[in-house]
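Throughout, a chain's letter reflects where its sequence line sits, starting with A, and its residues are numbered from 1.
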2 protein chains.
Amino acid sequence: MAPRITLEDVSKAAGVSRSTASLVVRGSSRIPESTAEKVRQAMNELGYVYNRQAANLRQSRTMTLGLIVTEIINPYFAELAMAVDQITHDAGYTIFIGYSRDLEDRQHEIVASMIERQVDGLLILPALDTDRERLAKQVTAANIPVVLLARHFPGFDYVGSDNVKGAGMVGEHLAALGSKTVAFVGGRPAPSYREREKGLRIALEAHGVQLWSSEELRSPVTPEGGAAALGRLFDRGNLPDAVVVYSDVVAQGVYDEMRRRGLEPGRDIAVASFDDTRIAAAQVPPMTSVAGFPGEVGSKGTEMLMARLSEGNADAPAQVTLIEPQLKIRSSTATWRPRTLSA
Amino acid sequence: MAPRITLEDVSKAAGVSRSTASLVVRGSSRIPESTAEKVRQAMNELGYVYNRQAANLRQSRTMTLGLIVTEIINPYFAELAMAVDQITHDAGYTIFIGYSRDLEDRQHEIVASMIERQVDGLLILPALDTDRERLAKQVTAANIPVVLLARHFPGFDYVGSDNVKGAGMVGEHLAALGSKTVAFVGGRPAPSYREREKGLRIALEAHGVQLWSSEELRSPVTPEGGAAALGRLFDRGNLPDAVVVYSDVVAQGVYDEMRRRGLEPGRDIAVASFDDTRIAAAQVPPMTSVAGFPGEVGSKGTEMLMARLSEGNADAPAQVTLIEPQLKIRSSTATWRPRTLSA
DNA sequence: CTGAAAGCGCTTACAG
DNA sequence: CTGAAAGCGCTTACAG
């Protein structure tokens, strides 16, 4: 294996000192063009590759960020991750990624390994059962700024969709259509789950509409989970006028299970969901969904983190930014009509 | 900002030398438990956090890997990325991620930034128009092993699905059903595209079935792209018995466009696709698709890279591993019957 | 089993 | 504008 080419080698070949070469690498304007050119030429000839890690040891920042999400099969998370990448890349950062798979211990390990590698900051879509004090302690000890994404735990900077408001919009919509009973189906008790339930409850109560929501109706965030949860709802006997599903991914299973039970989504029971990923519009019939703009969440979150980094670690209080949701009305609710009284 | 706690501080507090403390951090068995315990206690009390970057400077490896994919909205890529994470995490690596968005220049930048950060190796799902020599030069100069994933460019280690074989299975299946004409729709001319077309061609020709495939029928790998490509096919007048779509994502748009033109997928025209992501089974009617096992591709690729790393950079010739595909037959082809001759 | 010294490849003041 | 020296936080031989 060829010995590594260092700045020392370059500077010798160019006939300048190491500090001069260093300044050239970093594009300082203090070096006359003629000298800089000699150095650059030497770099090319020797095939020099910059060792940023060595530089990091001396500098205070690494231009490296960490992104931790639970998973990316869910397109909401995938879009969020790509938005983070877009902004950080353009700003010259490179990012570490880790998938916690919603396991708190794994998340802890990932954070630790990123801190060891000296990330400048961390963007985290936290695991469901995140121990907030444990996380706070871990990052405070290392003095690393953190911005939480999409799932709010108090005490941290946060960017996410305004779930309460989005759920309120669905509630109003269903009430206006004339539904008298609405079931909230699927999802695990993440902060976003509670926010959606809350928004729904407030809006429905205001119109005297009943909300069915219980632990039994929760489920993993997968189509299979949604199917099973809907099955449990149906097995109880009474059917609701409308089903609001925790998210598009879960709603896929809800559609399937409804049909297995001989009911047509959108005609027999109105269905609405959250996230407005590609899945929603691609369903037959197309599904009403609350757009949560994961791309916005990712990019605003990244901007917030970068602001913290440049502010020089101000002990400013935690900031919270909510992204405005948007209700996309489609046939799964729009064509539904209340049953005319009979029997 | 508190001054950083170093091993020096720890060793002083514990009353041992720096080298001893260093050995304890790394769990050497050469240090008696009593001494080790003192050191560990000092670490806890001082809130020491290991600086792996400083260690890297002295050691030859960083336990850091780079993963570059085009994007992750496509669930095939998402699953692949998560499989890579699973294995690397368990082996103690942390990974950098970058999304090339199928832009060769962006890919080049990402590779450069990862090399500067001293990754031990690179896993790349290469951009479509990857300049193979340019990439080879870039990584060889830095002496970084690379394994390519899912898109084969000669001269590199590679793991991907056996697309030729998978496409052959679809071809056989459609021929057995009695189709006389098959159109290959959607997708961009990646290596995987060419492999799928080739397998299809061989199988269909063997049975005297016509294959329609042309540049005009290609498209971006999105539902919209698929819809547009199918539109162009239909506008030519003749309709095929079956449409084989480049991938599930593209096929979503094919379903939609077919219906817009008054034809029912699976009844009027058989439809088959590739990848067998969740999308395929979730379609109505469920869609026949060739499973490509992205998780397998990711994990085998990672294992191949890790083997290269431990082999000590052997100049062994490039290895190629193909993952066995599997044809998942569903109603979109299974219920289709040739039109009985009329008119 | 433990300690003093040198070194990994850069950057940062500080002189000149 | 340029150079010699010290230092970032570790690990690695090498003595003892």
Side-chain angles (χ1 to χ4, degrees), chain A residues 1-40 42-43 46-64 113 115-120 142-143, chain B residues 1-40 42-43 46-64 113 115-120 142-143:
Chain A
M1 187 166 136
R4 168 180 258 299
I5 307 292
T6 73
L7 252 198
E8 172 87 58
D9 303 321
V10 172
S11 59
K12 266 188 198 145
V16 301
S17 80
R18 226 151 94 231
S19 3
T20 305
S22 174
L23 288 169
V24 173
V25 183
R26 286 174 294 150
S28 162
S29 55
R30 281 171 43 200
I31 308 293
E33 189 43 37
S34 56
T35 312
E37 190 44 39
K38 273 196 304 191
V39 174
R40 269 186 237 110
M43 286 170 52
L46 297 175
Y48 171 71
V49 320
Y50 183 60
N51 184 338
R52 184 182 289 266
Q53 287 220 97
N56 290 343
L57 197 52
R58 203 68 239 277
Q59 293 176 137
S60 49
R61 49 206 284 229
T62 60
M63 292 304 281
T64 298
S113 77
I115 289 178
E116 280 188 357
R117 286 172 176 81
Q118 313 296 121
V119 289
D120 291 336
N143 209 320
Chain B
M1 189 166 134
R4 171 179 255 297
I5 308 291
T6 74
L7 253 198
E8 172 86 56
D9 303 321
V10 172
S11 59
K12 264 188 199 143
V16 302
S17 80
R18 227 151 93 230
S19 2
T20 304
S22 174
L23 287 170
V24 173
V25 183
R26 286 174 294 151
S28 162
S29 56
R30 282 170 43 199
I31 307 293
E33 188 45 36
S34 56
T35 312
E37 190 43 41
K38 273 195 304 190
V39 175
R40 270 186 237 111
M43 285 170 53
L46 298 174
Y48 172 70
V49 321
Y50 182 59
N51 184 338
R52 183 181 290 266
Q53 287 220 98
N56 290 343
L57 197 52
R58 202 68 239 276
Q59 291 176 140
S60 49
R61 47 204 287 228
T62 60
M63 292 304 281
T64 299
S113 76
I115 289 177
E116 280 187 357
R117 285 172 175 79
Q118 312 296 118
V119 289
D120 291 335
N143 210 321

Peer 1: Take A:Q118 and B:N51 through the side chain to side chain contact (heavy atoms under 4.5 Å, CB included) test and state the conclusion after the steps.
Peer 2: CA-CA 7 Å; A:Q118 313 296 121; B:N51 184 338; 3.4 Å; yes
Peer 1: Could you walk me through whether A:Y48 and A:L7 pass the side chain to side chain contact (heavy atoms under 4.5 Å, CB included) check?
Peer 2: CA-CA 8 Å; A:Y48 171 71; A:L7 252 198; 3.5 Å; yes
Peer 1: Send over the distance from B:E8 CD to D:dC8 C1', rounded to a whole Å.
Peer 2: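 Taking atom C1' of D:dC8 as the reference, CD of B:E8 is at 13 Å.
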Peer 1: At 4.0 Å (heavy atoms only), tell me whether A:V16 reaches a base, stays on the sugar-phosphate, or touches nothing.
Peer 2: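 Counting heavy atoms under 4.0 Å across all strands, the contact made by A:V16 is with sugar-phosphate only.
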Peer 1: Can a donor-acceptor pair be found between the side chains of A:S19 and A:S22 at a distance below 3.5 Å?
Peer 2: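 There is no such pair between these side chains.
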Peer 1: Taking atom P of D:dC10 as reference, at what distance in whole Å does atom NZ of B:K12 sit?
Peer 2: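 B:K12 atom NZ is separated from D:dC10 atom P by 13 Å.
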Peer 1: Rounded to whole Å, please give me the gap between CG in A:L23 and P in C:dT11.
Peer 2: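 Rounded to whole Å, this separation is 8 Å.
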Peer 1: Select base, sugar-phosphate, or nothing to describe what B:I31 touches, counting heavy atoms under 4.0 Å on all strands.
Peer 2: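 Here B:I31 touches the backbone only, sparing every base.
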Peer 1: Just how far, in rounded Å, is P of C:dT12 from CG of A:N56?
Peer 2: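 The distance from CG of A:N56 to P of C:dT12 comes to 11 Å, rounded to the nearest Å.
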Peer 1: Can you measure A:Y48 atom OH to C:dG9 atom P for me and round it to whole angstrom units?
Peer 2: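 In whole Å, C:dG9 P and A:Y48 OH are 10 Å from each other.
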Peer 1: Phosphate oxygens OP1/OP2 of D:dC1: is one of them under 4.0 Å from a side-chain N or O of A:T35?
Peer 2: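 Result: no.
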Peer 1: Suppose we call a contact any N or O donor and acceptor under 3.5 Å apart; does that hold for the side chain of A:S19 and the base of D:dA4?
Peer 2: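 Answer yes: a donor N or O sits under 3.5 Å from an acceptor.
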Peer 1: Main chain of B:M63, side chain of B:D120: is a donor-acceptor contact present, judged purely on distance under 3.5 Å?
Peer 2: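 Yes: the side chain of B:D120 pairs with the backbone of B:M63.
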Peer 1: Can you tell me which stems DNA chain C forms when a stem means 3 or more consecutive Watson-Crick or G-U pairs under 3.5 Å?
Peer 2: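 Stem list for DNA chain C: C:1-3 with D:14-16, C:5-12 with D:5-12, C:14-16 with D:1-3.
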Peer 1: In whole Å, I'd like the distance from the CD1 atom of A:I5 to the P atom of C:dC8.
Peer 2: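 Checked: the CD1 to P distance equals 14 Å.
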Peer 1: Identify the two heavy atoms, one from B:V16 and one from B:A21, that lie closest to each other, and give their separation to 0.1 Å.
Peer 2: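 That closest heavy-atom pairing would be CG2-N, 4.2 Å.
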Peer 1: What integer distance in Å separates B:L7:CG from C:dG7:P?
Peer 2: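 Whole-Å distance recorded here is 20 Å.
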Peer 1: Between B:L57 and A:G15, which is nearer to the 5' end of DNA chain D once each is assigned its nearest nucleotide?
Peer 2: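 That would be A:G15.
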Peer 1: Check the side chains of B:R117 and A:T64 for a donor-acceptor pair under 3.5 angstrom, ignoring hydrogens and angles.
Peer 2: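 Checked: A:T64/B:R117 side chains pair up, N/O donor to acceptor below 3.5 Å.
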Peer 1: Under 4.0 Å between a side-chain N or O of A:S17 and OP1 or OP2 of D:dG3?
Peer 2: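 Checking D:dG3 against A:S17, a side-chain N or O does come within under 4.0 Å of OP1 or OP2.
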Peer 1: Would you mind reading off the distance between A:R117 atom CZ and D:dG9 atom C1', rounded to a whole angstrom?
Peer 2: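 Distance, rounded to whole Å: 16 Å.
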Peer 1: Among C:dG7, D:dG7, D:dC10, which nucleotide sits nearest the side chain of A:R58?
Peer 2: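 It is D:dG7.
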Peer 1: Answer yes or no: is there an ion pair linking B:E33 with B:K38, defined by an N-O contact shorter than 4.0 Å?
Peer 2: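 Not counted as a salt bridge, because no side-chain N and carboxylate O are separated by less than 4.0 Å.
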Peer 1: When you measure from the side chain of A:P32, which nucleotide among C:dG9, D:dG9, D:dC1 comes out closest?
Peer 2: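 So the side chain of A:P32 is nearest to D:dC1.
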Peer 1: Taking the minimum atom-to-atom distance to the side chain of A:R26, which one of D:dG3, C:dG7, C:dT11 wins?
Peer 2: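 The listed nucleotide nearest to A:R26's side chain is C:dT11.
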